[in-house]
Amino acid sequence: TWYHALPAGLVKSQNLRITSALSPIINSIAISNVVKEYAPQGKTLISSTSITDISDSNALDEISKFWGIEASSFELIRRYEVKNSLPIFAPGVGVASSAHVRGDIYCAGDYMTAGSQNGALLSGRLAALESLTR
């Protein structure tokens, strides 16, 4: 994950953006547009993630294209590399099972389906649906 600062106001979005399958960057967000205190004063903090091994300069090229902002506008704050931060997706792995624990208690979380934002949403939906059918 790369954290870059931009001059405040260049990016207005508060939404997590998902990139195309052609990009090594999988998502990016102007995180300080959600929590202002995350950015240096007068800046917008951009967080961008890749699950492939790419250089800082290749990442910046992709992030620049993704946001439609010149690469020279981005100031690298920090890069964090977390090995094995997401589970391996494989056929048959991450298949959801019952979310029911006991009584009116149900579990939900990405650990029950696939370690991802989509897995967390899917698990929550499945737990809700299961609770409605009991």
Side-chain angles (χ1 to χ4, degrees):
T1 298
W2 289 265
Y3 292 92
H4 290 91
L6 287 171
L10 285 180
V11 174
K12 305 259 189 253
S13 172
Q14 293 184 335
N15 298 323
L16 176 70
R17 293 184 174 192
I18 309 300
T19 60
S20 75
L22 302 177
S23 175
I25 299 296
I26 59 170
N27 63 49
S28 190
I29 187 170
I31 198 161
S32 62
N33 287 354
V34 178
V35 182
K36 185 179 178 180
E37 295 78 22
Y38 285 1
Q41 190 163 1
K43 303 282 186 174
T44 298
L45 185 65
I46 303 289
S47 172
S48 307
T49 303
S50 175
I51 57 173
T52 60
D53 187 20
I54 61 172
S55 69
D56 291 348
S57 63
N58 286 348
L60 180 56
D61 288 343
E62 289 295 321
I63 296 164
S64 170
K65 284 191 276 186
F66 181 68
W67 289 102
I69 298 171
E70 288 291 322
S72 60
S73 297
F74 291 83
E75 172 192 349
L76 179 63
I77 301 295
R78 188 92 183 208
R79 174 189 177 181
Y80 293 96
E81 187 171 335
V82 181
K83 297 279 187 200
N84 303 314
S85 63
L86 293 173
I88 295 172
F89 291 98
V93 174
V95 176
S97 59
S98 175
H100 186 247
V101 176
R102 68 180 176 281
D104 290 336
I105 299 173
Y106 294 82
C107 287
D110 66 345
Y111 67 94
M112 296 189 67
T113 54
S116 65
Q117 294 155 347
N118 188 55
L121 293 169
L122 172 62
S123 175
R125 180 174 186 226
L126 293 173
L129 289 172
E130 187 175 1
S131 73
L132 293 171
T133 60
R134 285 195 178 259

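When reading the values below, keep in mind they use all heavy atoms of this one structure, side chains included, and skip hydrogens, waters and symmetry mates.
- Applying the salt bridge (charged side-chain N to carboxylate O under 4.0 Å, His left out) test to every pair with at least one member in residues 30-44, sequence neighbours left out, gives these pairs: K43-E75.
- The hydrophobic cluster around I77 extends to Y3, L16, I18, I29, I31, V34, V35, Y38, L45, Y80, counting ILVMFWY residues whose side-chain heavy atoms fall within less than 4.5 Å of a member.
- Between the CD atom of Q14 and the CG atom of N33 there is a distance of 6.0 Å, given to the nearest 0.5 Å.
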Report task. Under the side-chain contact (heavy atoms from CB on, under 4.5 Å) rule, what do L76 and L60 come out as? Steps first, then yes or no, please. Result -> CA-CA 9 Å; L76 179 63; L60 180 56; over 6 Å; no
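- Rounding to the nearest 0.5 Å gives a distance of 9.5 Å between CD of E81 and OG of S50.
- With a 4.5 Å cut-off on side-chain heavy atoms, L10 and T44 do not count as touching.
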What pairs of donor and acceptor atoms, side-chain ones from residues 65-74 against any protein atom, are under 3.5 angstrom apart with sequence neighbours left out?
| unit_1 | atom_1 | unit_2 | atom_2 | d |
| --- | --- | --- | --- | --- |
| K65 | NZ | E62 | OE2 | 3.3 |
| W67 | NE1 | S28 | OG | 2.8 |

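- In the hydrophobic clustering, where aliphatic and aromatic side chains (Ile, Leu, Val, Met, Phe, Trp, Tyr) are joined below 4.5 Å either directly or transitively, V101 groups with I105.
- Counting only N and O atoms by type, the side chains of T49 and T1 include a donor and acceptor under 3.5 Å apart.
- With rounding to the nearest 0.5 Å, the separation of CD1 in I46 from OG in S64 is 11.5 Å.
- In terms of the side-chain hydrogen bond (donor to acceptor under 3.5 Å, both in side chains) criterion, S13 has no residue partners (sequence neighbours excluded).
- More than 12 heavy-atom neighbours from other residues, nucleotides or ligands sit within 6.0 angstrom of CG on D56.
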With a 3.5 Å cut-off and sequence neighbours excluded, list the donor-acceptor pairs that the side chains of residues 122-132 form with protein atoms.
| unit_1 | atom_1 | unit_2 | atom_2 | d |
| --- | --- | --- | --- | --- |
| S123 | OG | G109 | N | 2.9 |
| S123 | OG | G109 | O | 3.2 |
| E130 | OE1 | A99 | N | 2.7 |
| E130 | OE2 | S98 | OG | 2.7 |
| E130 | OE2 | R134 | NH2 | 3.3 |
| S131 | OG | A128 | O | 2.7 |

